[in-house]
Structure formats: structure tokens, C-alpha cells
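Here is the structure we will look at, set down as C-alpha cells.
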Amino acid sequence: MSRYEPSRIEPHWQQEWDKAGAFTAKRDPLKPKYYVLEMFPYPSGRIHMGHVRNYTMGDVVARHKAASGFSVLHPMGWDAFGMPAENAAMERGGHPKDWTYGNIADMKDQMKPLGLSIDWSRELATCDPEYYGQQQAMFIDMMEAGLVYRKAAVVNWDPVDMTVLANEQVIDGKGWRSGAAVERRELTQWFFKISDYSEELLSALDGLTNWPEKVRLMQANWIGKSRGLQFGFETVGAPAGFETLEVYTTRPDTLMGASFAAISPDHLLAKTLEADPKVAAFLAEARKGGTTAEALETAEKIGLDTGIRVKHPLDSKWELPVWIANFILMDYGTGAIFGCPAHDQRDLDFARKYGLPVLDVFKQHKDGPDVGDIAFVAPKTDVVQYVRAINHSGMLDAEKAIDTAIEFFEDNSIGKEVTKFRLRDWGVSRQRYWGCPIPVIHCATCGVVPEAKANLPIELPYDVSFDIPGNPLDRHPTWRDCTCPKCGAKARRETDTMDTFVDSSWYYARFTAPRATTPTVLEDAAYWMNVDQYIGGVEHAILHLLYSRFFARAMHKTGHLPVKAIEPFNALFTQGMVTHEIYKTTDAQGRPVYHLPEDIVWKDDKPFVRVRTRDLSIFPEANYLSKDEVSPGIFEFLQAAEVIPSAKMSKSKKNVVDPMNIIASFGADTARWFVMSDSPPERDVEWTSSGAEAAFKHLSRVWSLCDRIGQMPADHKGEGDTDLARATAKAIDEVTKGIEGFAFNKAIASLYAFTNT
RNA sequence: GCCCGCGUGGUGAAAUGGUAGACACUGGGGACUUAAAAUCCCUUGGCCGCAAGGCCGUGCCGGUUCAAGUCCGGCCGCGGGCACCA
């Protein structure tokens with residue numbers, strides 16, 4: 001009888017797999033291929049249970065497919081650029097590069113004992129010049145293909161750190177690091193023309209039948225297609241060049257309820273009027289505050305009457321005032337609207353504040369024309385009674401009324417149907433050091449010129465310092481200074497780097513030929529693409545996946561991917577988090593105090609802190625009290641405690657379970673088994689030490705069971721036992737279905753049932 | 001505000017429209033042991049009953065069906081996404 005000793009078995013087999021190159025992906029013309037990919041990690045330095053769950057799912061699929069006769073590609077890499085490395089350099093000194101590569105080495109050491117079937121020969125890090133140099137080559141190709149351009153855009157600017165901040169980095173209108181009030185600034189930035197693909201990225205979602213419905217919906221909403229009418233108001237008293245004012249509306253059926261027109265503070269007309277000090281003062285006021293959702297939400301609606309008038313398109317004697325209003329967005333529609341207060345809440349708020357008329361289009365308000373303070377927005381699917389209609393009368397389906405209105409404008413050549421998308425072009429400029437340098441050069445005579453491909457990669461300089469705010473590339477003269485690849489004159493290198501989402505938008509393609517001297521090798525890409533199964537967190541449902549879908553199309557256009565790979569992920573699975581229950585109270589100073597459930601044992605309805613007799617030391621970071629220290633206070637503590645059953649694991653809550661400790665105590669298979677059991681994989685799973693112990697016990701039982709069978713005489717091994725044969729067949733069937741249907745919890749349950757028989 | 005998803009024991013959860021609660025955790029009882037740990041066995045939705053057994057149970061109210069956790073309509077609650085997008 002041997003004992004189940006994972007610490008002896010696991011390293012042994014991991015070495016054997018390594019020696020045999022068991023997981024090295026090979027193009028095999030005799031086998032169907034299968035590409036399984038988990039979203040690659042950011043090298044923070046520590047793996048956590050979420051990683052274990054994510055990679056175990058992929059590993060189960062990869063091993064299942066390999067065993068089913070597929071030639072499997074299951075690679076791993078590092079999403080290695082980004083701000084944390086720079087923050088670490090600023091806070092602790094050192095260099096982002098050293099910090100990142102150190103973390104990669106540490107994390108790889110932690111991942112190895114998990115025994116994943118990964119082809120490590122294809123490992124890549126996005127901060128390798130070998131990787132980002134190819135990204136630069138593609139950037140240049142995309143410039144030539146007209147998919148990249150520069151334009152001025154309004155951004156969140158932190159005046160202390162001297163950098164652009166992402167919206168998520170602005171908290172209450174202040175920079176998250178500096179605490180300085182964020183300004184809206186117009187900067188010239190680089191953009192990818194993702195909006196060229198709005199229609200296609202939207203319609204192709206229908207073909208992604210193996211993606212979660214939820215993700216497809218979120219993407220569809222993000223792309224945000226809408227159909228409407230665009231027309232020009234004839235202006236009265238406007239400056240030269242503004243004889244008409246183009247507006248866009250999705251509700252032309254309410255045009256007879258118009259009572260004003262409004263333009264964005266960023267509208268060209270507003271800027272033209274800025275010579276007027278009153279206008280200038282208003283625009284300054286309107287531009288204050290960040291561009292974040294919160295800032296916009298709490299901002300009060302303010303406006304200024306320009307004195308300009310426009311003629312109603314259906315009645316030239318009817319004139320409407322033109323206002324500049326802070327709630328009109330420049331980058332949607334034409335940056336100008338007609339205001340219909342009765343049937344749009346924003347317009348109503350605005351009209352009430354400035355005393356503008358409110359005209360009801362529908363017969364909604366029996367007691368009179370006043371709609372009060374709540375606008376009536378007729379759902380497009382409703383049949384409504386129009387009292388002020390354009391070219392029809394009485395009851396009509398709102399959708400049809402919109403159609404007839406558009407028809408009327410088109411028939412009279414005074415407007416046309418226009419489809420708009422919410423999706424904006426992707427701004428990729430970052431004023432940061434630790435990212436992929438944008439490979440262009442600013443030349444006094446030639447303008448903006450792409451770097452010559454022969455000069456790639458444009459490597460980041462190592463000798464930089466982070467002791468003063470701002471982008472160190474900006475103040476690195478020998479790196480910045482260069483010669484123009486076109487005319488040979490002295491020129492200046494672009495110091496912006498790319499958004500790290502660019503790095504992760506094509507790594508799946510690079511894995512098919514990770515050492516190639518071109519971004520991809522079409523032959524390899526044609527064999528391995530698409531990713532058959534992609535697995536990762538829902539938090540990437542929109543940005544990463546949308547950018548990747550765009551990038552695959554751009555890579556096809558620039559000749560780096562075959563046409564079959566334009567939709568790169570055949571199937572997507574979004575897995576839930578690993579959470580951990582926690583007891584929370586506050587100490588005398590009001591600071592939160594946390595206790596983990598495994599600290600506490602209930603006995604006769606009284607809790608006391610667990611004293612471990614076995615030296616498992618699963619949670620060395622938790623504060624254990626010895627028996628003598630068990631104070632009566634623990635009872636009061638738990639009485640007052642707030643129980644948070646599914647708290648996300650986080651350092652501040654001290655409820656992080658380090659996979660390394662679990663592996664040390666129970667082995668990797670226990671950790672893997674547990675995170676796959678219990679909860680359906682798309683849902684959060686709650687980590688419990690009892691559950692982990694149960695997983696270990698079960699694996700031990702299986703071990704001793706096999707041991708006993710091994711020692712049985714041949715004629716007692718159960719051959720010919722029809723009940724056993726039936727149970728075996730059932731278990732195989734259920735496990736197969738469980739794996740293929742991403743119901744690992746059910747596969748595991750059926751294995752429990754099998755060993756219980 | 002708009003869009004989407006989910007409500008099943010003490011807990012995590014199972015259940016092609018067909019015996020609700022598989023499997024696991026926790027709790028209770030027992031065996032082994034000087035004792036404990038480990039291991040094994042029994043039990044564990046609620047109520048009534050000594051028992052055999054019975055009744056009630058999938059958020060709430062209705063509907064379809066021979067049959068509803070599952071399908072349809074309405075409510076309530078929770079969670080997620082988007083949001084001055086005209």
C-alpha cells in the first residue's frame with residue numbers, strides 16, 4: 001500500500017513530459033488541429049487562484065483534444081507592457097524592464113508545478129523587441145493601408161504627472177496618482193480606424209454562435225448602430241460658411257415639437273463665435289471637468305443663446321434659436337441637434353431651465369399641453385396618436401412614423417437617412433515609457449513619416465529615469481533625435497507609445513509562428529488559426545475582444561492573416577472568479593479588520609479560532625491565534641462581523657489564497673480539481689478550505705483504489721462485471737459530455753459517483 | 001433611464017417538459033482507537049408520525065399542458081453591461 005504523495009508524483013511526471021516534449025505543438029497533416037488559448041496574464045509576479053482556474057480549464061480541454069487525436073496548440077505568453085511596471089519603478093526605483101522580466105521568471109516558476117500541458121517553446125512576452133518590432137512593422141503596414149491616422153482629440157490630462165489618463169484612472173475628477181484636478185485637453189493622437197469596420201464587426205457577431213450571448217450583446221450595444229435622419233437647417237444671422245446647420249436625429253417623427261437647436265461647445269460654429277468674449281467665457285466654463293461618465297453625469301446642463309436663428313425645415317416662417325449647450329457631444333452625429341423638449345428628457349431639462357417652449361407632438365396629456373417635468377418618450381414599437389405630425393395624421397406606429405418622415409425628407413431632397421455608430425475610432429497614443437514605441441518620425445520638411453522597416457525594431461532605450469513626472473522618452477535626446485528615412489535630414493522620433501491593448505490584439509496570431517522574422521507566417525497561420533477555444537474573464541468582453549476582431553481584419557487587409565482568420569476566436573468561454581468568504585469588522589480606529597472563515601470554528605454555537613493540529617500551514621499569511629490567545633473577544637468580533645460570502649480575493653482584504661501554498665500542502669491536482677468542481681465554470685466559485693481538503697481526500701481515495709486493484713489477483717479485477725462495465729461506460733460518457741459542454745463541475749460529479757460505486 | 005441575465009435545502013449546486021435536490025461541503029450519529037488524527041459506515045429540504053407512511057415544498061400571482069424548477073404573461077428581489085449617443 002503506497003500513500004498518495006503528490007509532492008513526489010507531480011514533479012516526476014512533469015519532468016518526464018518535459019523530456020519527451022509531450023506538449024510541443026507540431027503541424028501534422030494527418031491530424032485535425034485544435035488551438036486552445038487562455039487569455040495571457042499580466043506578469044504581476046504572483047499567480048492567483050483565478051489563473052489556476054483559467055489555465056486548468058484550458059488544460060482540460062487541451063488534454064482531452066490531444067487524447068482524442070487532435071494536433072493541439074496550447075501556448076502561453078505575457079501581456080508585459082503597461083503602467084504597473086512604471087509605477088513600481090517610480091515607487092521603489094529600479095527599471096520597468098528588470099521588474100517585468102523578474103516577474104515573468106517568478107510567475108513561470110509558479111506555473112510550472114501546475115503541470116499544465118503548455119508548449120513553452122512558443123512562449124513570448126509583448127515587451128520583447130522580437131514581438132513589438134513586428135507590431136511596429138504592422139503599424140506601418142496599417143498606415144499604408146489607411147487604417148491609422150492622427151487627429152486632435154479631447155483627453156483627460158493630469159497636469160502634475162503630465163500624462164494622459166484613461167477614463168478609469170480619473171476618480172472624482174482627479175488623477176488617481178497625483179490627486180490633481182484633471183483637465184480636458186486637446187492633443188494630437190494616433191488612431192486606428194476601427195469605425196471603418198463598425199457594420200462588419202456588428203453583423204459578423206451573428207456568426208459567433210459559440211460565443212456567450214451576453215458578450216455578443218455587449219459588443220452590439222457598444223458598437224451601437226442607429227438609423228436616423230440627417231438634414232440641414234437654413235440659418236439666419238450666422239457667420240459666413242454656416243448657411244446651413246446639419247443635425248442628426250433618430251426621432252424625426254417628433255420634429256414638429258422642435259423648440260430650439262443646439263450645438264456642442266466643440267462644434268466649429270461655436271469655435272467661430274469664440275471671438276465674442278461672452279461666448280469665450282461660456283466655452284471655458286463648458287469645457288471644465290473631465291470626460292468621464294461620472295463627471296458628465298453630475299454636470300449641470302448649461303447653455304448660451306447665440307442669437308443665431310434657424311428656419312424649421314417644414315415651415316420657413318417658424319424660427320428656432322440656436323444655443324450652445326454643454327450636453328451635446330461633438331463626436332456623435334453632427335455635433336448639433338434639434339431640441340424637442342416634450343419628448344426628450346435632456347431637452348426638457350434644458351428647456352425648463354431656460355424658459356424655452358415645450359410642444360407636445362402626441363395626444364398624451366389630456367389636461368392640457370403641459371408635459372410637466374417628465375418627457376414622454378414614445379417607444380418605437382408603440383402605436384401613438386400624433387397631433388403634430390409631418391406627413392400623416394392620427395394613430396401610427398412610431399417606427400412607421402419615423403419611416404414616413406425620412407421618406408418625406410428624401411422625396412423633397414431636404415434630408416436623408418443616415419446610419420450612425422456609437423463606436424469611435426481607437427485612440428492608441430499613450431504618453432508612457434513602458435509600451436511599444438510608435439514607429440514614426442516627425443520631419444520638418446517631410447512631415448510625419450513612417451520609420452523604414454529596415455530600422456525596426458525601434459527599441460526602447462534602457463537609460464531612462466522616472467524621478468520626474470512625464471514621459472521619459474520625451475526628454476531622452478539621443479533616442480528622440482534621428483534622421484528622416486525619406487530625406488535624411490535631422491528629425492525627431494515620435495515619443496508616444498501604443499496602448500497595451502494593441503499588444504494583446506494579435507498575440508494569438510503570433511503564437512502560430514512566434515519566432516518568425518515577419519509578424520506571422522501565412523502557412524502556419526493557415527494551419528493553426530482560428531483559435532478553436534478561447535477562455536478568459538468577462539471583463540474583456542468588450543475592449544480586448546473587439547480590438548482583436550478588428551485587428552484580425554486589419555491583419556488580413558495588410559496580408560498578415562488568411563481570410564479565414566478575420567474572426568479569430570471560433571468559440572469563447574468566459575469564466576467566473578474565485579472568491580473567498582470573509583468576516584469583516586472595524587477596529588477601535590474604524591479601520592476594517594478581516595478574518596477568514598478557516599480561522600473560525602463553531603462549537604456549541606460559540607466560535608473560537610481554529611488551532612491547527614495538522615501542520616498544513618495552508619494560509620501562512622492569515623493570523624492564527626494559539627489556544628491561549630483565544631480571547632473572549634472573538635465572540636464579540638463575530639457577533640459584530642459582517643459576513644461577505646463571495647468576496648473577491650484581494651490583498652487589502654487578506655483573503656487571497658496563494659496557489660503555491662495549496663500545491664505545497666496538497667499538490668497541484670487538488671487545487672486544479674477543486675477549482676473545477678463545485679460551481680459551473682462560468683459562475684464564481686467560492687474557495688473553501690474544506691472543499692479543498694475534500695478534493696485531496698478524493699484524489700487519495702482514487703490513489704488507494706488503484707493501488708488495491710493493482711494488487712488484486714487478475715481474476716478479481718472486475719473483468720466481466722457488467723454492473724462495473726455499465727458504470728464505467730456511463731462515467732466516460734458523462735465526463736466527455738461535461739468537458740465538451742464546459743460543465744466541468746458535472747464531469748467531476750459523475751467521477752465522484754463512479755468511485756462511490 | 002435603456003439593454004441583458006439570474007432567483008432550487010444550512011451552503012456550492014444537479015435535473016432532453018416526465019420520481020426535485022445527483023455530486024460535494026457543513027451539521028448529527030456510529031465503528032475503529034487508551035485518546036485523538038486519519039479512515040470507514042449511517043443520516044441530513046420542511047412538517048406530522050413509534051412506525052408503515054402521509055402532507056407541503058424550486059421568489060410571488062396567474063396561464064398553457066395528462067404532466068411545469070423547466071414553456072407563456074405579470075409582479076418582487078438580486079446581479080451584470082451601457083449611459084447626456086439626439
Side-chain angles (χ1 to χ4, degrees), chain A residues 3 212-226 228-230 247-252 254-255 258 261-264 291-302 325-340 343-350 374-375 377 379 420-424 538-539 541-542 574 576 579 581 597 601-603 605 612-616 643 645-646 673-674 677-680 682-698 700-701 704 734 737-738 743 745-756:
Chain A
R3 275 191 24 229
E213 188 61 39
K214 183 172 72 170
V215 174
R216 291 196 282 165
L217 250 158
M218 279 161 71
Q219 292 220 352
N221 290 340
W222 185 265
I223 296 167
K225 184 179 182 176
S226 64
L229 171 71
Q230 186 168 322
V247 296
Y248 176 73
T249 178
T250 55
R251 293 308 295 260
T254 64
L255 196 51
I263 60 172
S264 163
T291 58
T292 63
E294 294 95 323
L296 291 170
E297 204 171 338
T298 50
E300 207 190 329
K301 290 183 176 50
I302 53 171
N326 65 338
F327 66 97
I328 310 300
L329 303 173
M330 191 54 223
D331 45 17
Y332 188 80
T334 61
I337 59 143
F338 83 85
C340 179
H343 310 299
D344 184 293
Q345 192 57 48
R346 296 156 300 176
D347 296 350
L348 184 63
D349 295 344
F350 191 74
I374 308 291
V377 183
K420 296 272 183 199
F421 292 92
R422 205 190 74 106
L423 181 66
R424 303 182 208 166
V538 227
E539 64 273 19
I542 298 173
T574 53
T579 62
E581 183 180 59
V601 174
W602 298 83
K603 207 85 187 173
D605 288 334
R612 291 187 171 268
T613 48
R614 267 189 306 165
D615 183 29
L616 288 173
V643 182
S646 303
W673 184 266
F674 176 73
S677 62
D678 263 21
S679 286
E682 68 275 13
R683 237 177 278 177
D684 290 352
V685 64
E686 171 124 19
W687 178 270
T688 60
S689 51
S690 54
E693 281 169 32
F696 179 77
K697 280 179 201 171
H698 179 257
S700 307
R701 260 200 307 274
S704 58
E734 284 177 357
K737 281 183 185 149
N745 56 325
K746 286 193 253 172
I748 284 180
S750 69
L751 284 173
Y752 273 112
F754 178 58
T755 46
N756 287 348

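Being a predicted model, the structure only gives us computed values, none of them experimental. All chains are named by letter (A, B, ...) in the order of the sequence lines, taking the proteins before the strands, and each is independently numbered beginning at 1.
- In this structure, A:Asp678 places its CG atom 14 Å from C1' of B:A22, rounding to the nearest Å.
- Out of B:C3, B:C82, B:A86, the shortest distance to the side chain of A:Arg422 is found at B:C82.
- Pairing for B:A51 is absent, judged as Watson-Crick or G-U wobble with the two contacts each under 3.5 Å.
- In this structure, CG on A:Asp349 lies 9.0 Å from CG on A:Asp344, to the nearest 0.5 angstrom.
- Rounded to a whole Å, the CD atom of A:Glu686 is 8 Å from the P atom of B:G12.
- B:A37: no Watson-Crick or G-U partner with both key distances under 3.5 Å is found in any strand.
- Between A:Tyr332 and B:A86, a side-chain N or O to OP1/OP2 separation shorter than 4.0 Å is present.
- In this structure, A:Tyr752 and A:His698 have tilted ring planes: the angle between them lies in the 30° to 60° band.
- Scanning atom types as modelled, one donor and one acceptor separated by under 3.5 angstrom connect the side chain of A:Arg346 and the base of B:A86.
- Taking atom NE2 of residue A:His698 and atom P of nucleotide B:C25, one finds them 10 Å apart after rounding to whole Å.
- Among B:C82, B:A13, B:C84, the nucleotide with an atom closest to any side-chain atom of A:Ser679 is B:A13.
- For A:Lys420 against B:C85, no side-chain N or O and base N or O form a donor-acceptor pair under 3.5 Å.
- At B:A24, one or more side-chain N or O atoms of A:Asn756 fall inside 4.0 Å of OP1 or OP2 (strictly under the cut-off).
- Looking at the side chain of A:Ile328, the nearest of the listed nucleotides B:A14, B:A86, B:C82 is B:A86.
- The nucleotide B:U70 finds no pairing partner, because no Watson-Crick or G-U wobble arrangement with both distances shorter than 3.5 Å includes it.
- Listed nucleotides: B:C40, B:C85, B:C23. Nearest to the side chain of A:Arg701: B:C40.
- Here, B:U16 and B:G21 have their P atoms 13 Å apart, quoted to the whole Å.
- Taking the C1' atoms as reference points, B:U70 lies 16 Å from B:U19, given to the whole Å.
- Across all strands shown, B:G7 forms a Watson-Crick or G-U wobble pair with B:C76, both key distances being under 3.5 Å.
- Taking atom P on both nucleotides, B:A15 is separated from B:A24 by 16 Å, rounded to a whole Å.
- When all heavy atoms of A:Thr334 and A:Tyr248 are compared, the pair lying nearest together is OG1-N, 3.8 Å.
- Between A:Leu751 atom CG and B:A24 atom C1' the separation is 13 Å, expressed in whole Å.
- Residues A:Lys737 and A:Lys746 form no side-chain contact, since every pair of their non-hydrogen atoms from C-beta on lies 4.5 Å or further apart.
- Straight-line distance from the CG atom of A:Asp331 to the C1' atom of B:C84: 12 Å, rounded to whole Å.
- Here A:Arg216 lies out of heavy-atom contact (under 4.0 Å) with every strand.
- Distance from the side chain of A:Ala694 is smallest to B:C25 among B:C23, B:C25, B:C85.
- With a cut-off of 3.5 Å on both Watson-Crick or G-U wobble distances, the partner of B:U64 is given as none.
- Distances shown here put a side-chain N or O of A:Lys746 below 4.0 Å from the OP1 or OP2 atom of B:A15.
- For the pair A:Asp684 CG and B:C6 C1', the computed distance is 13 Å after rounding to whole Å.
- Look at NZ on A:Lys225: it is 22 Å from P on B:C82, rounded to the nearest Å.
- The gap from the C1' atom of B:C78 to that of B:C60 amounts to 15 Å, rounded to the nearest Å.
- Annotation: B:C6 and B:C72 have their P atoms spaced 11 Å apart (nearest Å).
- Figure legend: A:Lys301 and A:Phe327 shown as a cation-pi pair, the cationic atom lying under 6.0 angstrom from the six-membered ring centre and within 45 degrees of its axis.
- Comparing the C1' positions of B:G79 and B:C47 gives a spacing of 33 Å, expressed to the nearest Å.
- When both distances must be under 3.5 Å, the Watson-Crick or G-U wobble mate of B:C23 is B:G12.
- The C1' atoms of B:U44 and B:G27 are separated by 8 Å, rounded to the nearest whole Å.
- Here A:Tyr752 lies in heavy-atom contact (under 4.0 Å) with sugar-phosphate atoms only.
- For B:G12, neither phosphate oxygen OP1 nor OP2 lies less than 4.0 angstrom from any side-chain nitrogen or oxygen of A:Arg683.
- Anti is the classification of B:G81, since its glycosidic angle lies more than 90° from 0.
- Taking the six-membered ring for Trp and the full ring otherwise, the centers of A:Trp673 and A:Phe696 sit at least 6.0 Å from each other.
- For B:A14, the OP1/OP2 oxygens have a side-chain nitrogen or oxygen of A:Asn745 closer than 4.0 Å.
- Closest contact between the side chain of A:Ala749 and the listed nucleotides B:C84, B:C3, B:A22 involves B:A22.
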Problem - side-chain contact (heavy atoms from CB on, under 4.5 Å) between A:Thr249 and A:Leu255, intermediate numbers included - result: CA-CA 9 Å; A:Thr249 178; A:Leu255 196 51; 5.6 Å; no
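- When heavy atoms are screened at a 4.0 angstrom cut-off, A:Ser690 is found touching the sugar-phosphate backbone but no base atom.
- Distance check: A:Thr250 OG1 to A:Lys420 NZ gives 12.0 Å after rounding to the nearest 0.5 Å.
- As rounded to the nearest Å, B:G80 and B:G73 have P atoms that lie 25 Å from one another.
- Interatomic distance, A:Ser226 OG to A:Arg251 CZ, rounded to the nearest 0.5 Å: 12.0 Å.
- Side chain of A:Lys301, nearest nucleotide from B:C84, B:C82, B:C4: B:C84.
- Each of A:Ser226 and A:Glu213 lies near RNA chain B, and the nucleotide nearest A:Glu213 is the one positioned closer to the 5' end.
- Both distances falling under 3.5 Å, in either a Watson-Crick or a G-U wobble arrangement, occur for no nucleotide opposite B:C84.
- Taking atom CG of residue A:Leu329 and atom P of nucleotide B:C85, one finds them 7 Å apart after rounding to whole Å.
- Looking at the side chain of A:Asn221, the nearest of the listed nucleotides B:A13, B:C23, B:C3 is B:C3.
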